[in-house]
Amino acid sequence: MDRTKLSNDLQAAGYLADDRTVLVSALSIELGKPVLVEGPAGVGKTELAKALAKVTDRELVRLQCYEGLDEARALYEWNYRAQLLRIQAAHGDGWDGLRDDLFAEEFLLERPLLHAIRSERPVVLLVDEIDKADQEFEALLLELLSDFQVSIPELGTVHAQSRPLVLLTSNAARELTEALKRRCLYLTLDYPSPERERDILLEHVPELPEAIAFRIAEVAAKIRELDLRKPPAISETIDWAYSLLLIGADSIDSTVLRETLPVVLKHRTDLELVAERAGAILGEPIGSRGASR
Amino acid sequence: MKPGLGTGVSSAAGPDALPRGIDGLLLELATQLRAAEIPVGSGELLDASRALAALSWDDEATVREALAATMTKTADHRDRFLALWDEVLRHATLRAALDAQREAGQVPGEGGVPGEGVPGGEGGADDGDGGSGQAGADGEGSGGSGGDGSTGMDLDELARAVQSALGEGSGMGSGALRDLVRLAIDAARQQESGVVGVDVQRIRRMLGINRGGERLDELSDAAVREFTELLRRELEEQRTMRTGDLPPQRALQQLGRDLAFGQTTDEAAIHKAVHALRRELAVAGHSRRGPRGGPIDLRRTIRASLGTGGVPVDVIPVREHPKRPQLVALCDVSTSVSSSAVFFLSVLAALNDAFARLRTWAFIEVADEVTELTLQAKSAQELGRRITKEAKVADITGYTDYGRVFKQLALDLEDVVDRRTTLIILGDARTNGRDPGLTAFGSLASRAGRTLWLNPEPELYWDYGDSESTRYARFCEMHRCATAADLAGLAKLITTK
């Protein structure tokens, strides 16, 4: 299992991963265990799945979870409307012939989980924001993750042809069930260090001069240290870099900061807080907030 | 070397009973993690050993992260794991070094050439951390040679070197610090007492870096702490190699890390109970498929049946507009409930977790909305601190004035509370002799779909003194609730209307 190669491949796919992320991804591929990725919003959890799909040449199947997500929306559903119309169009043909027609592929609405299992091409299954779904859904997912097979009463059991690479992301809004956590490897993603964020910015915005990329990363790190309702995500710092490039700013002073802040912060209370502390944010050298363990 | 699990020996049988090498490390680690209330089962241990089998053990970070990924499953557990890791690893390598020494036929205390013992030890303790594994042997090594060489070094020179190394901004690395530590130990060898704690203090005094020393202000606190820790470890290791006795493993509490440990089990229990409560309290906010007791919207159902040839397959219920909050919590934060304060705040935090729409008010004499604080606070303690700091709840006396609060809230909550809301009050109903505001409370409770009062006092105390519990209980369902167990019991008592 070559971790350096995985790291380079991820970078080539546009995702700058730290050592821990590379290690856990490699373990997941090697051991076939799903990965539970936790972290604040916008640190690259979903991007990791996309990059892994590119690197391992698998199809990315994404299931976005929400409260009230159930089997019909996640696994499969019969298109009963069409089936009813089919029945009406049959005009009293025998049941046997009709049954085969009715429970055929054309009336099966395949949802992401079934698609992931039936796919001939190997798959990366991304279950996004699992903490938004409820416990019943977790039980369903658990069953799926243990056997990778689905039983459709009318069609029989469907087995996965290849084992999907599964990533679950969570914003840690609620505690997940023990059984689900036990099945997974655990990875925390946190906001990157200024050095790595600079590299990420340069990767996504190549025309950006290096000095200002580092400055953006520094200022973003200082902003995240404040008590914000929603700290800026990496995607927001990238947007910020773009906007600074567009307005042709070559340094960040308080005017530039004030003008471009709405790109980075999306709550009025946050904007006010940062505007208040603008002097401290811009003036001080970077604190001891280095790379986390 | 492929690790397999040992023969299921429990490390409670004593360190000598642990299998050698990596298996021993894993089992010891599992024991320590379980003691720190991290659930590590056989499944996790198997995953951990499989993960290690798939890796090359180049460096400690790799092994550590692989173990963390397989054995810890929440951020909290991970923090505790990291706090324990160094200690467990050190202990395991010390044990391995001792075993190696014994195998090489050396009796502890002879202080023979340790260099030969180590390669044999490496075979048995192949856990990838050659550096730390060497430490035990090297300590002996430099102890052996240092005895000759260090007498040449002047004590004052050494003290000055140490102080400059620990000064602010000197940025000396751990390796160099460790060398200084060994030199210091050798220099002080004659007066060694054999008790690690005493020797640490003695050497610190000798170097002028002890507490109350004159030069202490110029030194960086973190560097002094690191030096002391290295000193302690080095002395322990040398003592271990000399006497053959393993020092006891320090548990998480003794490691002096600032972890919110010990309260978390309660919080977990509270979370579980609140989730159970949620099912009972859930007022139909979002529509579920199919008619769950709600009236059917006939017009829409027939309209939809056109798509299925006149057969009404989808039964469409009358749409409810869930704009109002599902849950409104009012929490008494005065000192009379301070012993239950942490419990109540944990309940609030858990409610926030379980209910999508929750608005919270804290009150003593005045009520103030603390929804934002509840959303942002990451723990009950932090929530309590922020409420004390930021919420305007006290006026003059600091004693709860239920009457005034209810009168205020009857107005404030007019638009907030409706028949879809559940109102939860957390308090002891002690009005301090003031007007209990029963009319105002009655009107609030009647507007809400359901009102629950959680009282931390035992039922015998209700109405004792200034408690107006029974009078309030006329308008709401009052329950005794002071622990997570009570909360769990509550969920069973309540049935949805």
Worksheet item: Which residues pass the salt bridge (charged side-chain N to carboxylate O under 4.0 Å, His left out) test with A:R163, sequence neighbours left out?
Response: none

Discussion item. Counting only heavy atoms from other residues, nucleotides and ligands, does the tally under 6.0 Å from CG of A:N79 exceed 12?
Written reply: yes

Discussion item. How long is the straight-line distance from OG1 of A:T21 back to CD of B:E65, given to the nearest 0.5 Å?
Written reply: 9.5 Å

Discussion item. Please identify, among A:E38, A:R183, A:E178, A:K181, the residue contributing the most non-hydrogen atom pairs under 4.5 Å to chain B.
Written reply: A:K181

Fill in: A:L23, part contacting chain B, at a heavy-atom distance under 4.5 Å
side chain

Worksheet item: Which members of residues 24-32 of chain A, sorted by number, sit under 4.5 angstrom from chain B on a heavy-atom basis?
Response: A:V24, A:L27, A:E30, A:L31

Practice prompt. Just jot down the ring-ring contact (aromatic ring centres under 6.0 Å, His included) partners of A:F103, sequence neighbours excluded, or say none.
Written response: A:W78

Response to the item:
A:L36 and B:K73 have their tightest heavy-atom pair at CD2-O, 4.4 Å

Worksheet entry | Minimum heavy-atom distance between B:T74 and A:Y186, given as atom pair plus value | C-OH, 3.1 Å

Worksheet item: Hey, are B:D314 and A:R81 close enough for a salt bridge, meaning a charged N less than 4.0 Å from a carboxylate O?
Response: yes

Discussion item. Can you tell me if B:R34 has over 12 outside heavy atoms packed within less than 6.0 Å of its CZ?
Written reply: yes

Worksheet item: Does a sphere of radius 6.0 Å around NZ in B:K392 hold more than 12 heavy atoms from other residues, nucleotides or ligands, not counting ones at 6.0 Å or beyond?
Response: no

Worksheet entry | Over all atoms of both residues, closest heavy-atom pair of A:R3 and B:L55 | NE-CD2, 3.9 Å

Discussion item. Please determine whether the number of non-hydrogen atoms from other residues, nucleotides or ligands lying under 6.0 Å from atom CD of A:E143 exceeds 12.
Written reply: no

Worksheet item: Any side-chain heavy atom of A:T188 sitting closer than 4.5 Å to one from B:R78?
Response: yes

Worksheet item: Is it true that atom NZ of A:K5 has more than 12 heavy atoms of other residues, nucleotides or ligands lying nearer than 6.0 Å?
Response: no

Fill in: For the student: nearest non-hydrogen atoms of B:P39 and A:R182, plus distance
CB-NH2, 4.5 Å

Fill in: ring-ring contact (aromatic ring centres under 6.0 Å, His included) partners for B:F81, two or more places apart
B:W85

